[in-house]
Novice: 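Have a look at this one before I ask anything.
Reminder, nothing fancy here: chain letters follow the sequence lines and each chain counts from 1. Everything numeric here is computed off the predicted structure, so don't read it as measured data.
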There are 2 protein chains.
Amino acid sequence: MLMCIVKSHTHIGDRIVTSLSDATSSPDAARSRPTMRHVAALAGVGVKTVSRVINGEPNVSAATIAKVNAAARTLDYQPDLHAGNLRRADGRTRTLGLLVGSVDNPFAGAVHRAVEDVALSRGVAVFASSLDDDPDREQEAVSAFLRRRVDGLILTTVSGSQAYLAPELRRGTPVVFVDREPAGITSDSVVSDNADGAALATRHLLERGHRRVAYLGDRHVIQTARERRRGFLEELGRAGVATRDVPVIEGLHDEETARLATLELLESPTPPTAIFSSQNLVTIGAIRALRQLGRHRDTALVGFDDVPLADLLDPGITVVAQDPQRIGRTAAERVFARLDGDHEPAARTIVPTRLIERGSGEILPRGEG
Amino acid sequence: MLMCIVKSHTHIGDRIVTSLSDATSSPDAARSRPTMRHVAALAGVGVKTVSRVINGEPNVSAATIAKVNAAARTLDYQPDLHAGNLRRADGRTRTLGLLVGSVDNPFAGAVHRAVEDVALSRGVAVFASSLDDDPDREQEAVSAFLRRRVDGLILTTVSGSQAYLAPELRRGTPVVFVDREPAGITSDSVVSDNADGAALATRHLLERGHRRVAYLGDRHVIQTARERRRGFLEELGRAGVATRDVPVIEGLHDEETARLATLELLESPTPPTAIFSSQNLVTIGAIRALRQLGRHRDTALVGFDDVPLADLLDPGITVVAQDPQRIGRTAAERVFARLDGDHEPAARTIVPTRLIERGSGEILPRGEG
DNA sequence: ACCTATGTTGACATCGTTGTCAGGGTGACA
DNA sequence: TGTCACCCTGACAACGATGTCAACATAGGT
């Protein structure tokens, strides 16, 4: 039982015959990946018919469907999605590119998971990459996504301008910015209300009588970091606190830099009675410093973005929690809405933040506690 | 300035002329994605020459390179990686499929990040999916990866057998199993020594005099859960503890089920003096239950797999930590080694675990503390 | 028996790219 | 001046699939 495949060429009369031994047992056949032509040959039908069966198109007889399916199963045939896409009318790769801060950050993990869930329900696979707040990585990740012809992009960005995406947007590729808003370009975005959340946290501390409140922030290039700083300072201003002497420490991007900065802050001549930390890793660094100096029970702390197990610490960590799950879901839904033909103007979706009181934010200023 | 593209057909003398208006300004041109033909036409060279420039092939004059690059930039041309792959000799998509427990689990996040780092250094993009310990999801995720022709697979699995991957393995696709070992098939795997780690945790508790030690485990279908249970029970056996009355609770898969099971356990007539929880979410659930009943200072707890902020809790949570970062890195390196032609027999790489004492595991049995 | 409507099927061009190959230009050397 | 080698270049087929279209078989109506 020898199976032959005839590849016809355009030159009339010129034919090349490629013979394969029995596809079910020969190592040769097993080594190369079966194509539709192999399935067609084994089933004794044309390739187009195989295509019809694989894609569930109508007008194929039941007997033919059975033959083709049997052949496909025998050969362990897997259609090549990308080859199909080359010719397919809609040109969709059923693939999405997701760029987050870092895939091992809990916030990003939650966003990712939500995006995946929406994508999965539509048979779309997700490329995930970590930004690491590096503009070069941003460029390379986006470029890698586009070279792979993703149907849509969900991006956390850090470079000064995303204008480089303008041509791609014009071609109709949906781009949704998450967590941080884009610059130099207009497109959908899904973000927390950073300034408002920061103001909320700040007001919470002010209401408890704190006047020396310190700000621990991420690098200034990061849009949300600027927003949170703004919300913090504006709230102080509204309360009539002179912002000149307020300790504003920026450029913190991981636990360790945050811990060291907090140590320095607490050991200064006039340490703050309360701290607002503007990011989850910074919050953790601040907690470590407070513990290290035994000051965690007399220095108030409110963090922006929730921290794992924050409720199990003593005191529990009061935070302005974002809703990463909802951010991710909403972003994915926007991408798919665009793919489904939504041509509304670009919209900014603001996902509310929520203050969760757990103890650390309710500590009163020293001398009044 | 009108740019024309001539598509020659095979029929001699039959030519179709497609005219595009100026590609730099017309909305028409901007809407469709530029191909090599567009770039070639604008640069006034052949497509193959464009291909050479884009891929950095040698033997192209400096002047031509400049012309092509200028045209590519003007049109914002992005090569289609998948179209190229169709013809390219090695057939590599520079893409990898990663299946983890859930992308929002900290263990999985760390594995993912490590895989990404290795992949990025080789220009390979990563598809990430969540397994959710659902055999159907496993099948669908693998199938989705294969239809997209990933170069390699890194898989956490849950179905009873991975024999369905045999044909794919025969075709030479590298498959590396992480965290859990495969069944029904032989391929590379990178895992923690689960039985050994569990025994380590158990011994730690036994050495401190505990005799009523409870086991809180994940679902029995999960290979690592079985291994950890085995290590636990074997260590009890070695210490001469009768395993008949040992509370072994299985089937816990999230914080809440673990919390409820722990509550029930602690409220039984003869509660354990120590708990071994075999997974990070289960550990967290157990912590919550212990706190809830105020028993966290008199009931010892050792968890398998580290928990975020475990060192900041009071007491700190003693764990047998895995090294997810190393597991991910090693798995990715194995995939690339296979792709680079390594044909050694399949190997199981065991990444050591490490007991981290933080307090909860050093609590002595009641009446002796 | 004849025509038409409908269902089934496969040949062929095509998607965007790369491999092959052959043709032409240039410079070195005899 | 002729030969040869080398560099540059582009026409063409091919990769694995789908869209188009025409051919054919079958059934139904006259």
Novice: Hey, are Arg148(B) and Asp80(A) close enough for a salt bridge, meaning a charged N less than 4.0 Å from a carboxylate O?
Specialist: no
Novice: Can you tell me how far P of dG19(D) sits from CE of Met36(A), to the nearest Å?
Specialist: 10 Å
Novice: How close or far is atom C1' of dG19(C) from atom CZ of Arg88(B), stated in whole angstroms?
Specialist: 11 Å
Novice: How would you list, by chain and number, every residue that makes a salt bridge (Lys or Arg N to Asp or Glu O under 4.0 Å) with Asp134(A), sequence neighbours excluded?
Specialist: none
Novice: Provide, to the nearest angstrom, the distance between the CZ atom belonging to Arg148(B) and the P atom belonging to dG16(D).
Specialist: 19 Å
Novice: Separation of His82(A) atom NE2 from dC15(C) atom C1', in whole Å?
Specialist: 14 Å
Novice: Who are the side-chain contact (heavy atoms from CB on, under 4.5 Å) partners of Asn59(A), not counting sequence neighbours?
Specialist: none
Novice: If the cut-off is 4.0 Å, is Ser51(B) near the phosphate of dT18(C), judged by side-chain N/O to OP1 or OP2?
Specialist: yes
Novice: Reading nucleotides 5-11 of chain D from the 5' end, what letters show protein touch, with B for base, S for backbone sugar-phosphate only, - for no heavy atom under 4.0 Å?
Specialist: ---SBBB
Novice: Under the salt bridge (Lys or Arg N to Asp or Glu O under 4.0 Å) rule, collect the residues that match up with Arg113(A), sequence neighbours excluded.
Specialist: Asp117(A), Asp132(B)
Novice: dC15(C) P sits how many Å from Asp90(A) CG, rounded?
Specialist: 16 Å
Novice: Base, sugar-phosphate alone, or nothing: which one does Ala89(A) contact when heavy atoms must sit under 4.0 Å apart?
Specialist: sugar-phosphate
Novice: Roughly how many Å is it from CG in Leu86(B) to P in dT17(C), rounded to a whole number?
Specialist: 11 Å
Novice: Is the shortest distance from a Lys or Arg side-chain nitrogen in Arg137(A) or Glu116(B) to a carboxylate oxygen in the other one below 4.0 Å?
Specialist: yes
Novice: Compare the minimum distances between each of dA17(D), dG19(D), dG19(C) and the side chain of Tyr77(A), then state the nucleotide with the smallest one.
Specialist: dA17(D)
Novice: Can you sort out the partners of Asp340(A) under salt bridge (Lys or Arg N to Asp or Glu O under 4.0 Å), two or more places apart, ordered by chain and number?
Specialist: Arg122(A)
Novice: Could you give the NE2-to-P distance, from His38(B) to dG16(C), as a whole number of Å?
Specialist: 8 Å
Novice: In whole Å, what is the span from the CG atom of Leu81(A) to the C1' atom of dG16(D)?
Specialist: 12 Å
Novice: Return the set of residues passing side-chain contact (heavy atoms from CB on, under 4.5 Å) with Ile185(A) (not counting sequence neighbours), or none when no residue passes.
Specialist: Gln162(A), Leu165(A), Ala166(A), Leu169(A), Phe177(A), Pro182(A)
